[in-house]
2 protein chains.
Amino acid sequence: MTGSAAGSGWRDAEGKALIDYPRPSVAVDVAVLTVQTGRLHVLVVDGPRGGNALPGSFLRPGERLAEAAERALRTKAGLVGADFHQLAMFDAPDRDDRGWVLSMAHGATLPRDELPVDAELVRVDGRTVSEPLAFDHADMVSRAVDDVRARYARRIDPSGLLPDTFTVLELRRLYEAVFDRPLPKDSFRRLVIDAIEPTGRMSTSGAGRPAELFRRSGDAELPAGASGLLTV
Amino acid sequence: MTGSAAGSGWRDAEGKALIDYPRPSVAVDVAVLTVQTGRLHVLVVDGPRGGNALPGSFLRPGERLAEAAERALRTKAGLVGADFHQLAMFDAPDRDDRGWVLSMAHGATLPRDELPVDAELVRVDGRTVSEPLAFDHADMVSRAVDDVRARYARRIDPSGLLPDTFTVLELRRLYEAVFDRPLPKDSFRRLVIDAIEPTGRMSTSGAGRPAELFRRSGDAELPAGASGLLTV
DNA sequence: GTAATAGTGTCTATCAGACACTATGTT
DNA sequence: AACATAGTGTCTGATAGACACTATTAC
């Protein structure tokens, strides 16, 4: 337990003061996912050894992991307002050749238009990034995709990739991008219709009949069978 | 990224060598779940401040988190052979009054008869432990329950809570314990029957018609709708 | 035989998926 | 008018859940 030893005076079974053990550096890396041209993409930055890498940072004293992740995105990509989800701690002792560095991978999601116009995005095929990334960052992207799919299968656009109001078509296009598969128009509508709130307003559509605008309903969950429709 | 700075000579934006930042202690805590008398229970040990706590340990140099978790279980509870799953990093700066300690919560699962006979078990109601635990360990238990349910909804007894062969009744009793709700006998059988392998052998039952013994099938997954049946 | 449990046939309500149809806008 | 997209009615096949029935053991 976190509470079994350490602190000045605490000693382990062999009599060694636990506080004296060398401590690892702790880092955070963030896979920022977005949707561009109907496909999932991940934000990358220049890595320390060249090549692409996920934005990340070292944890500072007293800081929480989510704060470090927010700081990394702000300083390295000019991003604010993402919501972070812990994915996994990557802890292979040799994963970073500069020393013993544990890294907590985070997933985040932002609409394309909240990213800088010159942000470098790499396409995600299925659940894997389409070109190599530094370190174990490609594995982190896969975990981020799994996480965003699991969350989107439970609720309607929980990370706000769409604007406040949207049509059912826009919502379906988003889900087709997230789950990387076509979704039948009528079944999809019936699946989500009870989990979104109609606004009276209509979309100023380009062509064809205008579609009604909906907004996310506070806490509405998708039916349990939704994961079947989405992931099969 | 984990690779943006640090190492001798690397400096952050303010010119401070990142390697010089104070580093947190990193610990692991393990919520070992088991089934006793048809209910989920969690293994606890004596905490450093009295009261019950999850077994845990500090991470040692070069060690992986799973190794630290295995060592914690071996030295504090005499357990071997559990499979660990990372749950979340608990990182509140004040979660441990002895210093800055991050703890990676792990979930593990073992059959009751692989635990010591005198192991102290606390019942789990729903997804919360039925009595207070030290630190944030009660939250860890909830996460462990969520994790084991998610894994059991995808596959048949992936953690081997049952012996190598088992009857459909034994499997159903296990799932009723894990999901904390009664499951209809016939629907449950039809749900799992294609994901387990019949052995020719029959259970030496106490009373009634003998039941066939099955074994886990290598990779068989439960249908996607299973989560509906199990969690609704 | 009775008791007890294993396993199956069947009916119903629900729902995904497909298809076609109607509705309402633009040009 | 033609065209395009929104939204709905309806049929079908699959299946969860309920129920009853048959099957096979112990006593």
Taking the side chain as every heavy atom from C-beta outward, state whether A:V101 and A:R95 have any pair of such atoms under 4.5 Å apart.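 Yes, their side chains come closer than 4.5 Å.
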Is there a side-chain contact between B:F90 and B:M104 in this structure, where contact means two heavy atoms from C-beta onward sitting under 4.5 Å apart?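 The answer is no; the side chains never approach within 4.5 Å.
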How many whole angstroms separate atom [atom1] of [X] from atom [atom2] of [N]?
| X | N | atom1 | atom2 | answer |
| --- | --- | --- | --- | --- |
| A:F166 | D:dA6 | CZ | P | 14 Å |
| B:D186 | D:dC19 | CG | C1' | 8 Å |
| B:M202 | C:dG7 | CE | P | 7 Å |
| A:L222 | C:dC15 | CG | P | 13 Å |
| B:K185 | D:dA18 | NZ | P | 14 Å |
| A:R201 | D:dA6 | CZ | C1' | 17 Å |
| A:R172 | D:dG7 | CZ | C1' | 12 Å |
| B:L183 | D:dA18 | CG | P | 11 Å |

Using a 4.0 Å cut-off on heavy atoms, which residues in residues 188-197 of chain A reach DNA chain D? List them by number, or say none.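 Going residue by residue through residues 188-197 of chain A, the ones with a heavy atom under 4.0 Å of DNA chain D turn out to be A:R189, A:R190.
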Ring centres of B:F166 and B:F214 under 6.0 Å apart?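 No, ring centres 6.0 Å or more apart.
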Are there any protein N/O atoms within less than 3.5 Å of an N/O atom in nucleotides 22-27 of chain C, and if so, which ones and at what distance?
from	atom 1	to	atom 2	distance (Å)
C:dA23	N3	A:R209	NH1	3.1

Between the side chains of B:D83 and B:H85, is a donor N or O closer than 3.5 angstrom to an acceptor N or O?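 Checked: B:D83/B:H85 side chains pair up, N/O donor to acceptor below 3.5 Å.
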B:S57 side chain to B:R71 side chain, donor-acceptor N/O pair below 3.5 angstrom: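 Distance-only check passes for B:S57 and B:R71.
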Which residue in the set A:V30, A:V32, A:V42 passes side chain to side chain contact (heavy atoms under 4.5 Å, CB included) when paired with A:L54?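 Exactly one option meets the side chain to side chain contact (heavy atoms under 4.5 Å, CB included) with A:L54, and it is A:V42.
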Can you say whether the rings of B:Y175 and B:F188 are parallel (under 30°), tilted (30 to 60°) or perpendicular (over 60°)?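 Judged by the thresholds at 30° and 60°, the geometry between B:Y175 and B:F188 is tilted.
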Could you go step by step and tell me if A:D125 and A:R123 meet the salt bridge (charged side-chain N to carboxylate O under 4.0 Å, His left out) rule? CA-CA 6 Å; A:D125 281 324; A:R123 189 160 48 87; 2.5 Å; yes
Starting from the C-alpha separation in whole Å, work towards a yes-or-no answer on side-chain hydrogen bond (donor to acceptor under 3.5 Å, both in side chains) for A:D29 and A:S103. CA-CA 7 Å; A:D29 293 297; A:S103 179; 2.4 Å; yes
